[in-house]
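Below is one structure; the comments refer to it alone.
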Amino acid sequence: MTNTTDNIRVGSVTLVYSVILRGWVAPRGKVIKNPLKAQRLAEELNSRKVAA
């Protein structure tokens, strides 16, 4: 992530940044506005995906 409005990619998981909602959209439609929380969620989702 080079800009504050970039998508967050961890492995094969991508959290897309929504300009309209001003945050990253999680898989169930929840919007996360804190980039550190969004990064942590992406890492957790990726570890679940790899373990499965």
Side-chain angles (χ1 to χ4, degrees):
M1 185 167 96
T2 55
N3 295 322
T4 57
T5 59
D6 284 347
N7 298 337
I8 294 178
R9 292 187 65 194
V10 176
S12 62
V13 175
T14 302
L15 296 182
V16 179
Y17 184 82
S18 171
V19 177
I20 296 170
L21 299 173
R22 298 177 66 194
W24 290 270
V25 181
R28 295 190 179 188
K30 183 178 178 185
V31 177
I32 304 169
K33 295 190 177 195
N34 185 338
L36 298 176
K37 287 184 179 181
Q39 178 74 26
R40 190 176 333 134
L41 176 66
E43 290 173 357
E44 184 178 324
L45 291 171
N46 186 51
S47 66
R48 287 183 191 171
K49 197 170 192 179
V50 170

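- Here the options are L41, V10, T14, the test is side chain to side chain contact (heavy atoms under 4.5 Å, CB included), and the partner is N46; only V10 passes.
- Salt-bridge formation is detected for the pair E44/R48: a Lys NZ or Arg NE/NH1/NH2 atom is positioned less than 4.0 Å from an Asp or Glu carboxylate oxygen.
- Considering all non-hydrogen atoms of both residues, W24 and I8 come closest at NE1-CG1, 3.6 Å.
- Of all heavy-atom pairs spanning K33 and R22, the tightest one is CG-O, 3.5 Å.
- Heavy atoms only, all atoms of each residue included: L15 and A38 are closest at CD1-O, 3.2 Å.
- Inter-residue side-chain proximity for S18 and V31 is flagged as unmet; no heavy-atom pair is nearer than 4.5 Å.
- No continuous path of hydrophobic side-chain contacts links V25 to V13 [ILVMFWY only; heavy atoms under 4.5 Å].
- For the pair P27 and L45, the tightest heavy-atom approach, listed with the atom from each and the gap, is CG-CD1, 3.7 Å.
- Side chain of N34 to main chain of L36: a donor-acceptor pair is present (N/O by atom type, distance under 3.5 Å, no hydrogens or angles).
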